[in-house]
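Throughout, numbering of the chain's residues begins at 1 and tracks the sequence. The figures here come from the full heavy-atom set of this structure, side chains too, leaving out hydrogens, waters and symmetry mates.
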Amino acid sequence: MAAIVTVCLQSSTATLGLVIGLGAAGSVDLPLGVAVVAGANVGIVITLLIVGWNQVASRRLAVAMLIAKLIVAGIVVANISHIIPLLRRLPGNIDQHVAYAHTGFNVAVAVLFLPLVTPLHRLAEWLVPGPPPSATPIFGPRYIHTGRADSVPLALDQSARELMHVAEIARGMLGDLWRALKENDARLAEAVSERDDQVDLLDAEIKQFLTSLISLGEDPSNAQEQMRQLRYLNELETIGDIIDKNLTELVVKKAKLDVHFSAEGWQDLDDMYGRVYEDMLIAETAFTTGERMYAQQLLRHKEKVNQLEREMRDRHFARLNAGLAESFETSAIHLDVLTHLKRINSCVTQVAYAILDNPPGREGRSHNEASL
């Protein structure tokens with residue numbers, strides 16, 4: 001009964017202080033004091049369980065401690081007739097014997113269960129299972145936030161970093177889409193298509209963030225940087241749409257028909273893809289650094305890609321005239337893929353105009369420059 005009352009009190013320190021005081025006054029005998037010690041140690045763990053209930057780790061810790069202390073408390077209660085004589089041999093009065101009992105109780109818990117920590121941990125995990133794993137982590141911006149910006153240059157640096165996040169997603173979409181085209185993997189193509197939702201989400205978040213900066217200052221260089229970012233963002237969103245709505249459809253169509261490009265046709269397409277992918281990387285560097293040489297390189301590449309696309313079409317028509325069966329089967333897909341890769345490259349090279357339209361030395365600032 002005393003143990004039950006002590007559990008209700010839920011505080012081992014307060015309970016033991018009360019019992020020690022009563023023992024010193026002669027109101028509590030030693031057997032009752034030892035029973036109270038056992039109950040107090042169990043009670044404090046119940047308090048821990050209640051306080052930490054909302055956290056799985058805290059709940060598991062409390063359950064493990066409760067198991068250990070309940071076992072030791074059971075041993076103490078079952079052997080109390082042997083424990084009392086041992087305590088009475090120790091120096092001091094009943095209040096000191098109660099304190100010895102409390103110390104001995106916790107030493108017993110440590111001695112008995114330290115070697116059993118691993119199985120006790122596994123038992124607690126079994127008794128308190130964790131929450132089911134989340135199906136998909138929530139996707140959102142990494143670098144921008146909806147709170148009011150303290151500094152426009154700092155805010156523009158954050159949005160520029162977020163733009164690089166979008167560029168990375170778009171480039172990854174194109175890379176995985178190309179693998180799906182090569183392997184006739186419709187499932188992969190559809191998975192790539194779903195990532196356009198991420199591009200659209202970030203597009204909306206960044207636009208809202210950038211337009212919210214209008215009221216924070218009229219510095220021409222900040223306004224110029226804001227427009228530069230909005231233009232690049234618009235091109236990245238268009239690239240995501242081309243991959244989602246056009247190229248994905250072609251990959252799925254090719255996979256359903258189970259057709260393959262001719263060796264020469266695939267070599268042409270793969271060459272075009274490589275050039276477009278390279279220009280995406282150059283555009284990211286040009287946007288980040290604002291260097292005119294990268295902008296000029298992009299425009300040179302644009303002319304080369306346009307010329308190459310015309311040459312590849314002519315080679316494709318030559319293969320059709322030669323009666324190559326594979327070219328007939330994939331002709332429409334082949335030509336459409338060329339068209340959409342050229343469109344993506346045109347979007348990519350728009351970064352160059354924003355840099356070259358500015359006088360030398362006034363290009364969009366890099367991440368490091370914006371944060372200075």
Side-chain angles (χ1 to χ4, degrees), residues 163-164 166-182 188-200 202-203 206-207 228-255 261 265-287 294-317 330-357:
L163 266 167
M164 288 298 94
V166 180
E168 181 183 355
I169 294 172
R171 182 162 41 82
M173 288 174 65
L174 182 61
D176 289 343
L177 194 283
W178 202 252
R179 181 160 60 89
L181 180 68
K182 180 179 181 180
L188 175 58
E190 290 166 352
V192 170
S193 179
E194 292 173 0
R195 277 146 64 186
D196 184 51
D197 293 339
Q198 297 179 354
V199 173
D200 291 340
L202 293 179
D203 173 68
I206 297 171
K207 281 179 180 174
R228 188 178 79 101
Q229 292 188 20
L230 286 170
R231 289 170 182 167
Y232 188 32
L233 177 63
N234 183 67
E235 299 303 331
L236 290 172
E237 196 274 335
T238 300
I239 290 171
D241 285 344
I242 293 171
I243 295 171
D244 173 32
K245 297 178 173 62
N246 302 118
L247 287 174
T248 296
E249 180 181 334
L250 294 174
V251 174
V252 171
K253 179 180 178 180
K254 178 173 175 284
F261 299 116
W266 174 252
Q267 184 60 51
D268 278 352
L269 290 176
D270 203 40
D271 185 24
M272 175 68 84
Y273 158 75
R275 290 170 183 265
V276 173
Y277 193 89
E278 179 187 7
D279 282 351
M280 292 182 80
L281 289 171
I282 295 172
E284 291 172 29
T285 304
F287 174 81
Y294 293 121
Q296 292 163 349
Q297 184 180 13
L298 276 175
L299 293 184
R300 290 195 301 271
H301 283 196
K302 181 180 180 181
E303 292 302 319
K304 290 180 180 178
V305 165
N306 291 345
Q307 177 62 33
L308 185 63
E309 189 259 353
R310 291 190 291 269
E311 293 173 0
M312 288 179 175
R313 284 180 179 273
D314 290 344
R315 288 200 290 269
H316 175 73
F317 293 139
T330 61
S331 179
I333 297 173
H334 182 107
L335 295 174
D336 285 346
V337 169
L338 279 177
T339 296
H340 297 310
L341 286 176
K342 179 182 174 182
R343 289 177 62 201
I344 290 174
N345 198 69
S346 295
C347 291
V348 165
T349 54
Q350 290 300 314
V351 175
Y353 296 114
I355 296 173
L356 296 176
D357 286 346

Drop me the distance from [X]'s [atom1] to [Y]'s [atom2], to the nearest 0.5 angstrom.
X	Y	atom1	atom2	result
D279	L341	CG	CG	11.5 Å
E194	M173	CD	CE	10.5 Å
Y353	K302	OH	NZ	3.5 Å
N246	I344	CG	CD1	8.5 Å
L163	F287	CG	CZ	4.5 Å
I239	N345	CD1	CG	9.0 Å

Is there a donor-acceptor pair under 3.5 Å between the side chain of [X] and the backbone N or O of [Y]?
X	Y	value
T238	N234	yes
T248	K245	no
K254	T330	no
R195	G172	yes

K253/E249 ion pair, N-O < 4.0 Å: no
Salt-bridge contact D271-R275 (side-chain N to carboxylate O under 4.0 Å): yes
Trace of the salt bridge (Lys or Arg N to Asp or Glu O under 4.0 Å) decision for K207 with D203: CA-CA 6 Å; K207 281 179 180 174; D203 173 68; 3.3 Å; yes
Answer whether the closest heavy-atom distance between the side chains of [X] and [Y] falls below 4.5 Å.
X	Y	answer
Y232	V166	no
T339	K342	no
V251	L177	yes
L250	L247	yes
D200	D241	yes

[X] versus [Y], closest heavy-atom pair with distance:
X	Y	answer
A180	A189	CB-N, 3.8 Å
A352	L298	CB-CB, 4.1 Å
Y273	G175	OH-CA, 3.4 Å
I282	Y294	CG2-O, 3.9 Å
A286	A295	CB-N, 4.4 Å

Between R343 and H340, a side-chain donor and acceptor under 3.5 Å: yes
Residues Q297 and R300: side-chain donor-acceptor under 3.5 angstrom: no
Worked verdict on D268 versus L308 for side-chain contact (heavy atoms from CB on, under 4.5 Å): CA-CA 9 Å; D268 278 352; L308 185 63; over 6 Å; no
Residue pair V348, H301: steps toward the side-chain contact (heavy atoms from CB on, under 4.5 Å) verdict: CA-CA 11 Å; V348 165; H301 283 196; over 6 Å; no
Aromatic ring pairing H316/H334, orientation class (parallel under 30°, perpendicular over 60°, tilted between): parallel
Stepwise side-chain contact (heavy atoms from CB on, under 4.5 Å) check, I243 with V192: CA-CA 8 Å; I243 295 171; V192 170; 4.0 Å; yes
Audit row: E235, R231, salt bridge (Lys or Arg N to Asp or Glu O under 4.0 Å) steps and yes/no: CA-CA 6 Å; E235 299 303 331; R231 289 170 182 167; over 6 Å; no
Stepwise side-chain contact (heavy atoms from CB on, under 4.5 Å) test for Q307 and E303: CA-CA 6 Å; Q307 177 62 33; E303 292 302 319; over 6 Å; no
